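All remarks here apply to the structure that follows.
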Amino acid sequence: MNKIQVPHDYRLLSLPDLISSRRDFLVAALSGLLLGLLFFWIGPILTLAILTVLVFVFVIFKAPEFVILIMLVFASGLLPQNWNRSFDLFVGHFQLTDLILVALLCLTIFRAITERDFKLRKTPLNLPIALFSGVVFLGIGTAVVKHGVKFSYATYEARILLYYTLFFAVINLIRTRQQIYRLIYGIFAIGIFIALTLILQVMLGFSFPSVFETYFKSDLLARAYHPGLIAVYMTIMALICLLVFPRPLSQVVMIWIALFVLGLGNSVSLGRNIVISTLFSLFLLLFLLNESQRKHWLQNILALALFAIAVFSLLKMITPTAAILDYPEALVERFTHFFETDALSPDETVLWRVEEIGFAWEKIEASPILGIGFRTYYRPPFSETDTLQSFIHNGYLWLWLKTGFFGLVLFLWIMAIFLVRGIRGWSKNPDRFLSATSLSFVLVILAMLISDFVAPLLVSDFNLAFFATGMGIVESIAALKQDSG
């Protein structure tokens with residue numbers, strides 16, 4: 001009788017395997033039973049909340065970069081504002097993203113205490129960011145104690161600045177090359193998606209709400225004030241810096257296409273300050289490149305310009321009435337209008353900003369060290385509908401007013417250290433993608449520092465979480481070499 005041949009790759013379960021499989025089955029069965037009991041005891045909503053918390057805890061431990069990206073998605077305005085739920089806790093008023101930030105910082109401390117191999121990374125930015133955070137709390141006290149501002153009002157602006165502490169979570173929790181890549185690609189995805197939604201909104205008209213109405217201002221052209229434009233800008237600068245290095249033609253063309261879409265989406269903001277600041281940053285880029293890199297980059301930029309002109313002209317011929325094509329022309333007209341009119345005439349916004357500086361300086365002279373704290377009015381209203389008496393367009397005076405002299409000095413210290421380290425270290429990384437991205441985020445901060453003279457982008461909105469993340473990514477990239485060494 002022939003014996004039955006058992007395939008060589010088949011084997012019966014050993015006793016440990018059998019026990020393990022039964023154990024897994026038992027755990028799954030008990031988990032299902034527990035969820036069923038919770039469903040009947042506390043209802044589906046609380047059961048779903050518990051499941052969400054458990055999933056969040058698992059993800060924040062295993063892949064904190066995705067939790068950081070969740071924060072950035074909220075900060076970018078991709079999700080409705082009411083999804084970022086508010087909670088009244090015993091120490092104040094918090095939003096969901098505030099609690100996520102606290103969770104990331106607590107995880108950093110927890111791992112440093114409980115894991116022997118987990119050491120907090122030391123960078124020259126740690127001390128000034130920590131001191132700056134302390135001065136922010138001092139600004140809350142100044143507003144509440146000296147000027148009678150409600151605590152909940154003062155903490156709103158303070159919470160914005162405290163998002164710079166996201167830097168500590170990035171630099172300590174994002175430790176591998178794969179994590180850095182995922183975080184960078186996530187920012188790119190947010191930027192591209194926002195650019196596409198802005199273009200779609202303008203092309204389809206505002207009867208189809210792909211972008212929330214609060215992010216547009218009615219005018220001859222609906223101008224976007226979208227918080228996610230920071231992600232669009234960061235992606236643009238990263239792709240521009242990627243053109244420094246030789247790449248296959250197919251990749252270069254893909255970068256051109258992405259830059260055209262991103263640039264068209266960014267033009268919906270009609271922001272002159274961003275364009276001017278970017279030009280200064282690109283001049284610095286030319287200075288930082290060696291001769292061969294500079295030549296290669298200029299060739300790519302020239303080809304990109306010709307590509308953009310060709311595509312724009314083609315679209316103009318195919319769909320001459322497309323509203324989105326009016327924005328690049330409108331942006332050029334805004335530049336020419338600035339030089340053709342009296343900038344200090346009552347019809348121009350420059351006059352209001354000059355008046356803001358005058359009122360702000362009076363308050364600074366009265367209290368140069370402590371300032372006036374957060375959410376304290378520094379000027380009378382300019383009109384019956386003006387509700388921005390605590391807002392000022394100059395970001396540096398904004399800081400001096402609200403955090404005092406030490407807040408301004410610490411902020412400038414942070415930015416100076418970051419720029420110097422970024423400029424010195426970007427070219428030392430052998431990974432061209434990380435090298436270009438590191439350089440681009442340095443140029444973004446430089447552009448924002450220039451722009452802050454007329455628009456306080458670095459200090460006045462929750463989307464500064466993108467800047468804190470970018471700074472953390474640059475330092476994490478630098479730390480990769482230290483860790484391997």
Side-chain angles (χ1 to χ4, degrees), residues 71 75 84 86-110 112 120 123-172 360 363-364 366-378 389-392 395-418 452 456-465 467-469 471-472:
M71 280 192 65
N84 193 8
S86 299
F87 303 90
D88 289 320
L89 303 180
F90 66 95
V91 291
H93 184 77
F94 293 89
Q95 288 182 298
L96 178 60
T97 47
D98 301 332
L99 300 180
I100 294 175
L101 174 60
V102 171
L104 287 166
L105 295 176
C106 288
L107 175 63
T108 302
I109 297 171
F110 176 80
L120 293 177
T123 79
L125 289 169
N126 288 11
L127 178 60
I129 292 179
L131 292 176
F132 180 72
S133 302
V135 171
V136 169
F137 285 105
L138 182 61
I140 297 174
T142 301
V144 174
V145 176
K146 293 190 63 177
H147 300 281
V149 178
K150 287 182 64 175
F151 180 78
S152 60
Y153 290 172
T155 54
Y156 178 83
E157 291 182 338
R159 281 169 34 231
I160 292 174
L161 288 180
L162 288 175
Y163 271 46
Y164 274 113
T165 58
L166 182 58
F167 168 86
F168 293 120
V170 175
I171 189 65
N172 286 293
K363 296 294 184 180
I364 289 172
S367 181
I369 303 300
L370 294 178
I372 61 175
F374 295 104
R375 224 36 200 274
T376 304
Y377 291 168
Y378 73 95
Q389 294 101 301
S390 66
F391 180 85
I392 182 170
Y396 303 103
L397 293 182
W398 195 101
L399 278 168
W400 201 344
L401 271 175
K402 298 170 188 297
T403 63
F405 175 76
F406 293 111
L408 175 62
V409 170
L410 286 169
F411 177 81
L412 294 176
W413 181 15
I414 293 168
M415 295 302 163
I417 292 174
F418 173 73
D452 249 35
L457 298 174
L458 283 169
V459 295
S460 66
D461 204 331
F462 286 104
N463 58 7
L464 68 76
F467 302 131
T469 302
M471 294 167 68

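Values in this document were obtained by computation on a predicted structure and should not be read as measured data. Computation of the quantities below employed the complete heavy-atom set of this structure, encompassing side-chain atoms and omitting hydrogens, waters and symmetry-equivalent molecules.
- Note: Phe411 CZ to Ile129 CD1 = 10.5 Å, rounded to the nearest 0.5 Å.
- Within the 4.5 Å cutoff, side-chain heavy atoms of Ile417 are placed close to those of Pro128.
- Listed for the Asp452 side chain is no donor-acceptor partner under 3.5 Å among the backbone atoms of Tyr396.
- Counting only distance, with no hydrogens or angles, the side chain of Asp98 and the backbone of Arg159 share no donor-acceptor pair below 3.5 Å.
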(request) Would you sort out whether Leu161 and Leu399 count as a side-chain contact (heavy atoms from CB on, under 4.5 Å), showing the intermediate values? (result) CA-CA 10 Å; Leu161 288 180; Leu399 278 168; 4.1 Å; yes
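- Contact annotation: the side chain of Ile372 never approaches that of Thr142 to less than 4.5 Å [non-hydrogen atoms, C-beta and beyond].
- Using bins of under 30°, 30° to 60° and over 60° for the plane-to-plane angle, the ring pair Phe132/Tyr164 lands in the perpendicular bin.
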(request) Determine, stepwise, if the pair Leu458 / Leu464 fulfils side-chain contact (heavy atoms from CB on, under 4.5 Å). (result) CA-CA 6 Å; Leu458 283 169; Leu464 68 76; over 6 Å; no
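- Smallest separation of non-hydrogen atoms from Leu104 and Ala169: CB-CB, 3.8 Å.
- By the neighbour-count criterion of 12 heavy atoms within 6.0 Å, atom CZ of Phe406 is sparsely surrounded, having that number or fewer from other residues, nucleotides or ligands.
- Nearest heavy-atom pair across Met71 and Ile100 is CG-CG2, 3.4 Å.
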(message) The test is side-chain contact (heavy atoms from CB on, under 4.5 Å); show your working for Asn126 and Phe167 and say whether it passes.
(response) CA-CA 9 Å; Asn126 288 11; Phe167 168 86; 3.6 Å; yes
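- Put simply, CG on Leu401 and OG1 on Thr376 are 9.0 Å apart, with the number rounded to the nearest 0.5 Å.
- Of all heavy-atom pairs spanning Gly472 and Val170, the tightest one is C-CG1, 3.5 Å.
- Within the 6.0 Å centre-distance limit, the rings of Phe462 and Tyr163 are counted as a close aromatic pair.
- At least one side-chain heavy atom of Leu410 sits less than 4.5 Å from a side-chain heavy atom of Val135.
- Residues Thr108 and Asn172 have side chains that never bring a donor and an acceptor to within less than 3.5 angstrom of each other.
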(request) For side-chain contact (heavy atoms from CB on, under 4.5 Å), just list the numbers for Val459 and Ile160, CA-CA rounded to whole Å, side-chain angles, deciding distance to a tenth of an Å, and then say yes or no. (result) CA-CA 7 Å; Val459 295; Ile160 292 174; over 6 Å; no
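- For Phe391, the CZ atom sits in a packed shell: over 12 heavy atoms of surrounding residues, nucleotides or ligands are nearer than 6.0 Å.
- Distance CD1/Ile364 to CG/Leu370: 13.0 Å, rounded to 0.5 Å.
- Considering all non-hydrogen atoms of both residues, Arg375 and Val149 come closest at O-CG2, 3.9 Å.
- Within the 4.5 Å cutoff, no side-chain heavy atoms of Glu157 are placed close to those of Ser460.
- Under a cutoff of 6.0 Å and an axis angle of 45°, Lys402 and Trp398 form a cation-pi pair.
- Within the 3.5 Å criterion, the main-chain N or O of Leu162 finds a donor-acceptor partner in the side chain of Thr165.
- In this structure, the ring of Phe418 has its center no less than 6.0 angstrom from the ring center of Phe467.
- Of the residues Leu166, Leu125, Thr123, the one that meets the side-chain contact (heavy atoms from CB on, under 4.5 Å) test with Ile171 is Thr123.
- No side-chain heavy atom of Tyr156 sits less than 4.5 Å from a side-chain heavy atom of Phe374.
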